[in-house]
Protein chains: 2
Amino acid sequence: MITLTERQSLILKAIVRDYTEGGNPVGSKSLVQELPIKVSSATIRNEMAHLEALGLIVKTHLSSGRIPSIKGYRYYVDHILKPEKVDSKDLKVIQHSLGGEFHKIDEIVAQSADILSQLTSYTTFTLRPELKHSRLSGFRLVPLGNHQVMAILVTNNGDVENQTFTIPNDLTGDELEPVVRFIDDQLIGLPLQDVLAKLQQEIPLKLSHYLQNPDGFLDIFGSVLSKAASERFYVGGKLNLFDYTTKQNPQEMRSLYSLLDQTDNLANVIGTPGQHIQVRIGNEITNDLLKDYSLITATYDVDQHGQGIIAVLGPTAMPYSRTIGLMGAFQRELARKLLEYYRYFDE
Amino acid sequence: MITLTERQSLILKAIVRDYTEGGNPVGSKSLVQELPIKVSSATIRNEMAHLEALGLIVKTHLSSGRIPSIKGYRYYVDHILKPEKVDSKDLKVIQHSLGGEFHKIDEIVAQSADILSQLTSYTTFTLRPELKHSRLSGFRLVPLGNHQVMAILVTNNGDVENQTFTIPNDLTGDELEPVVRFIDDQLIGLPLQDVLAKLQQEIPLKLSHYLQNPDGFLDIFGSVLSKAASERFYVGGKLNLFDYTTKQNPQEMRSLYSLLDQTDNLANVIGTPGQHIQVRIGNEITNDLLKDYSLITATYDVDQHGQGIIAVLGPTAMPYSRTIGLMGAFQRELARKLLEYYRYFDE
DNA sequence: TTTAGCACTTAACTTAATGGAGTGCTAACA
DNA sequence: TGTTAGCACTCCATTAAGTTAAGTGCTAAA
């Protein structure tokens, strides 16, 4: 366990600030002018040597200024940083962007990713509150004429998922009616997860009483259901990657960009709802492509409707204080907006 | 009007081929070995000087080999190039990828963009057959409970567009029923364009006979309608841009990438259905961001269902012959698949 | 414990030197 | 008249050497 003196802490803090703002290694002379204490550059050099011995800062070459190491950022984040109070202008942006009328939870969550990326200039990820709290509240099959049927699934949270199918010739709309009634009787009110489980087991058997060949229908229902039950991250500010990337090589950029496009895979990187706010720096992220970046994840809480995630990906040299401040504001505002949205359907 | 001798034409062709394959300026000595005619390097130098005087090839510096100029590519494309016959393996890939079952035209068109980008390693754009040939064939409002209504619009081509709305408290599902009947009576069978036009003019007036306050409904109907009537390009192989880009600067990459993301703006760049196949090279493209690239657009024809577009964006130094060959195959296969799809709804 | 002073190190930039690929031109040749 | 060998010339790319500025560690004195 590392403990720093007041002065060492001030120096580390100044190095982190200078480096994240200017991008250049920080030398002892420039620190003399900035520090609120009066010491010579030689003294600061001595302290810096100490911080380096502890592994908190490193040189880029033998006679260069210092930059924070991963461990240094870690110490800074854990012991020094105070989240910055959100600028009232920024808060207004957040509130205004969430103030409009939304018809879907996903719209709110996607919008949040966009606004947060705009405010931070980084790349952001948002996940809606976990679906394990969603229950099936309705299922319809709407014949559209011309061999087409639309399947619609509704949850108690107001989520609507739909998909259009071309019906095989041996399956008419009329035949499907009793099946819909079967679903209504047996499955309405159950959590989506349970429905999904039953779909693998008892439903096919029971359904065969109603329908000669249930496969076609099961495909349709299963497909809409799994769409409704799938958790996916929304990504905002993908283009910002071009601004803060450390990669020169277009090939590496491609791999990175491609990672952000695989929204279904992001849970592996970002994780699941958990700690209030978690900062992962450099190789603390379990993905080699991101080992030069920092990832901040925050869980937000919408009471009995479960928890969701917002996350920011940026350079290791980022203004953590400001970023974390903004994320705190988003946690609150997003939770508030979603609660308001859910309340509409709880009536 | 430029006319080249047989030998000059051979030399230009060889320079284009060498440069697009190797990426290096081509010198007279290397050409000696490749050309099917027996002449010395000095002779070739003389001919090259002539081609340069015509503006077909240029030097990168005073004593360098030559590369084709825009004008040179132009001449090559217009007078020398023969579309390459599509490899049977590639043709199988195309046919297989379009062979599956699709539930939407947009799926077919989007899939085409992906496959073409895969085969060319470039970025591709596809546009479905023009919507002016689509007619409104059905409109539904499905109440989903809990203040929600789904509006569904169907066209004679089997296109289905839908959107979910939260209904204002002063608008109940029952009230909407006569309105749907009004739509069915008055608008079914009309081209979407006409419906859109009427929506601006006579409909609001007529509707006020049925409904106290038609604004809410008009918003809903207009919103779904304009979704259905909007033409947008599908983009495939955006990531390939990283491979063939000439930009080093991340900022320029960002602008370029951002252009490709604005799918509603692409018509300005790519144009509307027209010529069979059009090749635009370098600054012939009316967009400064693309002035170092080539854009090949091809119109495909689906009989009475109208025309669509496929396009490929790549480096100016691209194997035009192969690319154009592939696009020709796509024109045929895509038109065939769409015809088959449409036929299903014409029954 | 702090500080002034100094020798030392390194990146980044500039300048010079060298080799190779390719050209244009001239004069001879078929 | 078209073709070719020969040669001087140009420019890029690479390497080598020199210079400057920023910053360090260490020593010795306050």
Side-chain angles (χ1 to χ4, degrees), chain A residues 3-12 14-69 72 246 248 317, chain B residues 3-12 14-69 72 246 248 317:
Chain A
T3 317
L4 299 186
T5 64
E6 181 76 8
R7 190 166 71 187
Q8 286 160 352
S9 185
L10 277 174
I11 290 175
L12 178 58
I15 291 176
V16 169
R17 178 163 46 77
D18 278 21
Y19 183 62
T20 54
E21 283 174 11
N24 296 314
V26 185
S28 53
K29 279 180 197 154
S30 59
L31 283 175
V32 171
Q33 300 168 351
E34 298 184 32
L35 285 176
I37 49 179
K38 275 197 180 144
V39 285
S40 73
S41 66
T43 306
I44 295 181
R45 278 202 291 285
N46 287 334
E47 294 286 36
M48 285 168 95
H50 189 215
L51 290 175
E52 186 172 5
L54 290 171
L56 298 177
I57 56 180
V58 292
K59 292 187 264 205
T60 59
H61 59 85
L62 202 71
S63 71
S64 76
R66 307 303 214 294
I67 64 175
S69 66
T246 55
Q248 288 304 319
Chain B
T3 318
L4 298 186
T5 65
E6 181 76 9
R7 190 166 71 185
Q8 286 161 353
S9 185
L10 278 173
I11 291 175
L12 178 58
I15 292 175
V16 169
R17 178 164 45 77
D18 278 22
Y19 183 62
T20 54
E21 282 174 11
N24 295 315
V26 185
S28 54
K29 278 180 197 154
S30 58
L31 283 176
V32 171
Q33 300 167 353
E34 299 185 30
L35 285 177
I37 50 180
K38 274 198 180 144
V39 285
S40 73
S41 67
T43 305
I44 294 180
R45 278 202 292 283
N46 287 335
E47 294 285 37
M48 285 167 96
H50 189 218
L51 290 175
E52 186 172 6
L54 291 172
L56 299 176
I57 56 179
V58 292
K59 293 188 263 207
T60 58
H61 59 84
L62 203 71
S63 71
S64 76
R66 307 304 213 293
I67 64 175
S69 67
T246 56
Q248 288 305 318

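Naming convention: chains lettered A, B, ... in sequence-line order (proteins, then strands); numbering from 1 in each chain. The figures here come from the full heavy-atom set of this structure, side chains too, leaving out hydrogens, waters and symmetry mates.
Using a 4.0 Å cutoff on non-hydrogen atoms, no part of residues 24-34 of chain B comes near DNA chain D. For DNA chain D, the neighbouring residues in residues 45-64 of chain B, judged by any heavy atom under 4.0 Å, are B/R45, B/N46, B/H61, B/L62, B/S63.
Taking the side chain as every heavy atom from C-beta outward, A/S9 and A/L12 never approach each other to under 4.5 Å. Two residues are said to be in side-chain contact when any heavy atoms from C-beta on lie closer than 4.5 Å; B/I44 and B/L35 meet this criterion. Looking at A/V26 and A/R66, their side chains never come closer than 4.5 Å, going by heavy atoms from C-beta outward.
Computed from coordinates, the A/K38 NZ to C/dT3 C1' distance equals 16 Å when rounded to whole Å. Atom-to-atom, CD1 of A/I44 to C1' of C/dT1 comes out at 15 Å; the value is rounded to the nearest Å. Look at CD1 on B/I37: it is 15 Å from P on D/dG2, rounded to the nearest Å. Between B/R66 atom CZ and D/dT10 atom C1' the separation is 13 Å, expressed in whole Å. Rounded to whole Å, the distance from CD1 on A/I11 to C1' on C/dT2 is 13 Å. Rounded to whole Å, atom P of D/dT4 lies 12 Å from atom CG of B/L35.
Atoms CZ and CE, from A/R45 and A/M48 in turn, are 9.5 Å apart once rounded to the nearest 0.5 Å.
The neighbour count for B/E21 CD, taken as heavy atoms of other residues, nucleotides or ligands under 6.0 Å away, is above 12.
Just one of B/I11, B/L51, B/L10 meets the side chain to side chain contact (heavy atoms under 4.5 Å, CB included) condition when paired with B/L4; it is B/L51.
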With side chain to side chain contact (heavy atoms under 4.5 Å, CB included) as the test, would you mind laying out the steps for A/Q8 and A/L56 before giving the verdict? CA-CA 11 Å; A/Q8 286 160 352; A/L56 298 177; over 6 Å; no
Going through the distances and angles, do B/E47 and B/V39 end up as a side chain to side chain contact (heavy atoms under 4.5 Å, CB included)? CA-CA 11 Å; B/E47 294 285 37; B/V39 285; over 6 Å; no
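Closest to the side chain of B/S40, out of C/dT3, D/dT4, D/dT3, is D/dT4.
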